[in-house]
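Residue numbers start from 1 in every chain, and the chains themselves are labelled A, B, ... in the order their sequence lines are given, proteins ahead of strands.
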Amino acid sequence: MDKKKIDELIAILKKNDLSEVTVEENGVKMTVRQGDITIVEGGGALPHVGGHAPVAKTALSGEAAELAELETKYTALVSPMVGTFYQAPAPGADVFVAEGDSFEAGQTLCVVEAMKLMNDIVADEAGRVVKIVAADGSSVQFGQTLLFFEPLV
Amino acid sequence: MKPNYWPEIDRYESLGSTQDRARQLAQQRAPEGTVVTATVQTDGRGRLDRAWVSPAGGLWFSLLLRPNISPAEAPGLNLLAAVAVTEALRSVTELEAGIKWPNDILVDGRKLAGILMEMKTGRDGIKYILVGVGVNANIDPAVMPDDLRLPPATVLGETGRQTDLSELLEMILAAFKEDYYGWPNCRAGVLNRWRDLSVTLGRRVTIDSAGNTVSGLARDINSDGSLTIVDAAGAAHTVHAGDLTLQFD
């Protein structure tokens with residue numbers, strides 16, 4: 001990823017008054033946030049760096065290697081906003097989907113809440129959940145992978 | 001966003017919840033601005049499916065929106081809704097209503113009105129948003145349960161007067177619509193009005209968010225509507241979701 005791309009992201013961030021922007025290209029994920037920039041190769045754990053566009057190259061740990069493999073094989077469902085991730089509509093209720101479940105187009109897969117706005121994330125197509133990577137009730141970032149699925153035709 | 005014609009209000013005597021009815025209408029492609037009201041809700045709901053007591057005399061409605069903005073910009077609409085409801089309530093009832101972050105409307109530390117927003121998104125962004133609003137208006141305080149998370153207040157109990165629910169609804173919708181169609185360009189102005197109406201900023205608060213509890217001084221809201229809390233050690237925390245409790249020293 002070159003400096004021009006980073007400048008473009010910063011411009012998008014400023015123009016829209018966003019707190020952060022994430023792009024993913026050729027397995028490299030870059031997040032530009034008010035005050036810092038994070039670049040991850042292979043989609044693994046997030047090394048966090050301040051200042052000007054350094055590139056973090058890390059040996060992939062077991063978990064990161066698994067994520068990298070999931071990314072090459074399956075489709076990632078990412079969070080459209082910063083918030084709290086929920087797998088069920090209410091505490092103690094049945095989850096929307098569990099790993100291994102098939103789902104239909106239009107079905108709610110999970111919820112991300114920000115400021116009492118409950119965002120139901122809906123499937124665009126039928127599929128099967130392979131792995132849920134975000135923890136129920138955890139904070140998630142804009143563009144963070146919530147789960148991986150396999151589209152079914 | 002450009003102003004559209006908003007359809008007639010859909011009024012019902014009794015519904016499970018206005019949110020459920022508005023969701024059905026949204027899925028049947030009802031237009032932006034569709035409003036559903038009910039005299040009584042038999043199964044009113046708040047955040048995380050908590051029951052919302054909705055007897056006759058309250059203002060219970062849901063508004064359907066189809067904004068052309070990114071999902072990440074949508075939580076700010078919740079602050080906008082809180083400002084619209086609070087300003088309309090102040091104007092119609094003359095009560096000193098204030099906002100507890102992000103969108104609870106209180107009088108004297110008790111809950112007068114609540115807002116719940118629900119959004120559906122897919123790969124192409126926002127499909128629709130439902131803004132659910134409940135105002136404890138012409139309700140005898142004696143009929144309100146006493147085991148709620150926040151003690152309740154009603155307009156009738158505070159003022160001793162009946163409120164014209166149609167007038168209140170019209171004022172809320174008019175206030176909301178004006179800012180909504182200016183969004184996000186009017187964001188800075190809306191956030192300043194939210195700050196003026198806030199009963200949160202400058203107060204000691206505790207927030208339970210994503211399994212963590214943070215206590216400290218509520219310093220300010222940020223451009224995305226998140227709240228910055230400064231803890232006893234002087235560290236700043238930015239909070240996007242959770243249950244906030246005001247501390248009374």
Side-chain angles (χ1 to χ4, degrees), chain A residues 12-22 33-35 75-86 88-94 96 105-125 127 134-144 146 149 151, chain B residues 19 23 27 45-50 69-79 81-82 100-104 114-132 184-185 187-188 191 208-212 221-227 238-244:
Chain A
I12 292 169
L13 190 79
K14 285 188 174 158
K15 181 166 169 277
N16 296 294
D17 196 18
L18 298 172
S19 53
E20 66 176 73
V21 173
T22 299
R33 210 174 281 122
Q34 298 278 4
T75 308
L77 183 79
V78 300
S79 179
M81 61 184 200
V82 181
T84 305
F85 170 76
Y86 293 108
D94 288 344
F96 293 107
Q107 192 174 328
T108 297
L109 300 178
C110 57
V111 166
V112 173
E113 177 191 15
M115 285 161 265
K116 286 204 201 168
L117 172 77
M118 311 305 283
N119 179 8
D120 291 12
I121 302 174
V122 172
D124 289 288
E125 62 215 319
D136 188 40
S138 67
S139 293
V140 293
Q141 297 298 315
F142 176 86
Q144 181 177 331
L146 304 173
F149 68 94
Chain B
Q19 218 58 356
R23 193 179 309 110
Q27 282 157 5
R45 293 282 147 187
R47 179 172 165 268
L48 302 180
D49 232 15
R50 292 170 188 148
I69 57 177
S70 75
E73 282 178 312
L77 293 176
N78 219 340
L79 303 189
K100 178 170 84 78
W101 183 87
N103 65 1
D104 280 333
I115 300 171
L116 180 73
M117 278 178 80
E118 168 181 328
M119 170 165 81
K120 295 258 190 237
T121 61
R123 191 180 294 133
D124 298 329
I126 300 174
K127 296 175 188 294
Y128 61 85
I129 294 178
L130 300 177
V131 187
N185 296 337
R187 184 199 324 252
L191 292 181
D208 189 7
S209 171
N212 294 312
I221 46 167
N222 305 302
S223 62
D224 64 356
S226 59
L227 180 69
T238 302
V239 184
H240 288 89
D243 280 321
L244 183 139

_Less than 4.5 Å to any heavy atom of chain B: does that hold for the side chain of A:D124, its backbone, both, or neither?_
side chain
*Residue pair B:Q19 / B:R45, side-chain heavy-atom distance below 4.5 Å*: no
*Mind listing the closest non-hydrogen atom pair of A:I121 and A:P80 along with its distance?*
CD1-CD, 3.5 Å
*Shortest non-hydrogen contact from A:M118 to B:L116?*
CG-CD1, 4.5 Å
_Leading residue by heavy atom contact count with chain B [cutoff under 4.5 Å; candidates A:L117, A:L109, A:V112, A:T108]_ = A:L117
*Evaluate side chain to side chain contact (heavy atoms under 4.5 Å, CB included) for B:M117 paired with B:I129, printing each intermediate quantity in order.*
CA-CA 7 Å; B:M117 278 178 80; B:I129 294 178; 3.5 Å; yes
*So which part of B:P71 gets closer than 4.5 Å to some heavy atom of chain A, the side chain, the backbone, both or neither?*
both
*With chain A, which of B:K120, B:M119, B:K127 has the greatest number of heavy-atom pairs at distances under 4.5 Å?*
B:M119
